[in-house]
Every structure is written in C-alpha cells, then in structure tokens.
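Here's the structure, in structure tokens; my notes come after.
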Amino acid sequence: MTPPKRQPKIPAGPYGFIRKTNYGEGLSKIKKHIRDVERTLKKGARTAAAKFEAERRLRSLQLQYSEKYIDNHERTIAQRYRKIKHVELKKATRKVKRAEKELEAANNEEDKKMLQEKLEQCQLELMYIEYYPKTMAYISLYVTDEPKSAEKNELVAQGKIAEILSVDDETGAASAAGDLQKEQEEETAEDEKDDFFE
C-alpha cells in the first residue's frame with residue numbers, strides 16, 4: 001500500500017503563519033481590515049517599506065469596499081424594481097413587435113414614415129428599460145393615472161375622516177368627537193329599526 005501524498009509546504013508569512021488576504025466576504029469584514037490598517041499606520045511603521053505597503057493595502061481595501069458597496073446597492077435596487085421592470089419590458093417588446101407588423105403592412109409612404117417614427121420610439125422605450133442605471137431607483141414609463149382600488153378606498157376613508165374632523169372655530173375639537181359618537185349611535189339605531197333583520 002502506498003502512503004498518502006503530502007501536500008507541498010507553503011512558505012510562511014513574516015509572522016510564521018500564512019495570512020489569508022481574501023477580503024471578498026462582506027462590507028463589515030472589509031471595514032474591519034481598513035480600521036486595522038489605519039491603526040497600524042497611526043502607530044507608525046517600523047520601516048519605510050512597511051509604511052508604503054500598508055498605504056498600498058489601505059488604498060486597495062478602500063477600493064474593494066466601494067466596489068462591494070455599489071454591488072450591494074445594485075442588488076437591493078434590482079430586487080426592489082424587478083417586477084415592475086419585467087412587466088414593462090414585456091409591454092415594450094409587445095409594442096415593438098406590433099409596430100414592426102404595422103410597418104410591414106403599411107402601403108403608402110406617409111404611413112411608413114409615421115410608423116417608422118413610432119417603431120423608433122418603441123425601441124427607445126425598450127432600451128430605456130434595459131439600460132436604466134442599476135444604482136438608481138427605477139422610474140416607470142407606463143404609469144397608470146387612476147389609483148388602485150386599495151388606494152381609492154384609502155382616499156375615500158381619508159375624505160370621510162377629514163369631513164368628520166372638520167371643526168368650526170366656535171365649537172372646538174370636543175364637538176367633532178361628539179359628532180362622531182352621535183353618528184355611530186344613529187347608525188346602530190337605524191340598524192335596529194331595520195325590518196330585514198327581524
């Protein structure tokens with residue numbers, strides 16, 4: 001039986017052991033390493049070469065930190081606007097296909113020019129969606145003017161609350177709360193009088 005193969009020895013670092021220099025983990029680890037290097041620079045290096053090496057290492061760590069920060073920011077923005085961009089991308093591709101079909105079906109030159117401009121506009125919208133900067137909050141192209149039903153309900157409720165809380169200067173805030181209580185009592189009295197529930 002042959003003995004297992006030994007791994008070749010890796011030369012040790014200046015302190016007698018091998019230091020890992022992979023700072024690709026996370027922002028907090030990189031920040032910690034930056035603070036460590038800054039502390040060693042603050043104390044003062046033993047030699048000029050050591051000081052130069054520490055400064056070079058600090059610059060590279062700061063660059064790594066900024067790149068990692070941007071990557072994390074891009075990832076959060078992409079997750080936040082993923083659904084909106086996907087839906088708008090589908091709409092834009094449909095618009096481009098529709099414009100291409102209309103352009104092929106056009107007969108006279110005036111229609112072709114108009115449809116060519118429309119096609120170019122649709123392609124611009126498609127490129128806007130695809131190449132929008134990843135670090136910025138996405139601004140939607142196809143915004144609906146009417147609010148959603150939940151927002152409508154909220155607006156109606158806010159209007160009713162504003163009606164209830166509209167207070168005359170003479171009566172004061174206490175009368176607004178009293179009016180609200182009176183309205184609730186009137187509604188319960190009407191429900192009791194209703195013949196349907198009997």
Side-chain angles (χ1 to χ4, degrees), residues 1-97 119-155 157-159 161-162 165:
M1 207 168 159
T2 60
K5 288 186 177 180
R6 289 181 140 189
Q7 292 187 355
K9 285 190 175 182
I10 301 171
Y15 303 103
F17 59 92
I18 300 167
R19 282 192 163 201
K20 288 186 178 178
T21 56
N22 181 15
Y23 302 121
E25 299 97 8
L27 287 175
S28 58
K29 294 259 184 178
I30 296 172
K31 276 175 126 177
K32 180 184 174 291
H33 290 297
I34 288 173
R35 283 193 303 270
D36 291 343
V37 172
E38 285 175 344
R39 270 189 230 113
T40 57
L41 282 172
K42 209 173 203 181
K43 275 192 238 176
R46 288 182 235 147
T47 63
K51 182 179 179 184
F52 177 76
E53 181 64 26
E55 287 173 348
R56 184 195 62 77
R57 191 166 165 213
L58 178 64
R59 284 193 299 271
S60 71
L61 286 170
Q62 287 171 340
L63 182 66
Q64 281 180 347
Y65 178 79
S66 63
E67 288 175 353
K68 190 76 168 178
Y69 181 82
I70 290 170
D71 289 344
N72 288 350
H73 184 66
E74 283 179 358
R75 194 177 308 115
T76 56
I77 293 290
Q79 286 175 347
R80 186 179 302 155
Y81 297 106
R82 181 179 58 205
K83 184 178 177 183
I84 296 167
K85 285 182 82 171
H86 175 73
V87 169
E88 289 197 353
L89 190 66
K90 293 288 184 185
K91 284 182 183 179
T93 51
R94 271 190 246 126
K95 275 184 150 185
V96 167
K97 287 179 183 177
L119 177 63
E120 289 173 2
Q121 180 65 33
C122 294
Q123 288 172 341
L124 279 175
E125 290 175 359
L126 185 66
M127 288 185 355
Y128 171 85
I129 296 166
E130 287 178 350
Y131 299 111
Y132 194 83
K134 294 179 182 177
T135 55
M136 295 173 59
Y138 182 72
I139 300 170
S140 181
L141 278 177
Y142 310 114
V143 180
T144 56
D145 290 336
E146 66 179 57
K148 296 178 184 174
S149 60
E151 292 174 0
K152 281 183 184 177
N153 293 342
E154 187 176 330
L155 291 173
Q158 286 176 354
I161 291 171
L165 294 178

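Looking at heavy atoms from C-beta onward, E55 lies in side-chain contact with K51 at the 4.5 angstrom threshold. Side-chain contact check for E125 versus Y142: some heavy-atom pair is nearer than 4.5 Å.
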Cut-off 3.5 Å, no hydrogens considered: what does the side-chain donor-acceptor table look like for residues 130-140, sequence neighbours left out?
unit_1 : atom_1 : unit_2 : atom_2 : d
Y132   : OH     : A137   : O      : 3.0
Y138   : OH     : E88    : OE1    : 2.6
S140   : OG     : E88    : OE2    : 2.1

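Using a 4.0 Å cut-off between charged nitrogen and carboxylate oxygen, E53 and R56 count as a salt-bridge pair. Ion pairing between a basic and an acidic side chain is recognised when a charged N comes within 4.0 Å of a carboxylate O; K32 and D36 show such pairing.
The CG atom of D71 sits 11.0 Å away from the OG1 atom of T76 when rounded to the nearest 0.5 Å. If you take CD on Q62 and CD on E38, they are separated by 6.5 Å, rounding to the nearest 0.5 Å. The NE2 atom of H33 sits 7.5 Å away from atom CZ of R57, with the distance rounded to the nearest 0.5 Å.
Screening I70, N72, I77 against E74 for a side chain to side chain contact (heavy atoms under 4.5 Å, CB included) leaves a single residue, I70.
Of all heavy-atom pairs between L126 and A92, the closest is CD1-CB, 3.7 Å. Shortest non-hydrogen contact noted between I129 and K85 is O-CE, 3.4 Å.
Within a 6.0 Å radius of NE2 in H73, other residues, nucleotides and ligands contribute more than 12 heavy atoms. Counting non-hydrogen atoms of neighbouring residues, nucleotides and ligands closer than 6.0 angstrom, the OH atom of Y69 reaches no more than 12 such neighbours.
Residues that satisfy the side-chain contact (heavy atoms from CB on, under 4.5 Å) test with K97, not counting sequence neighbours, are absent from this structure.
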side-chain contact (heavy atoms from CB on, under 4.5 Å) between R75 and Q79, intermediate numbers included:
CA-CA 6 Å; R75 194 177 308 115; Q79 286 175 347; 4.2 Å; yes
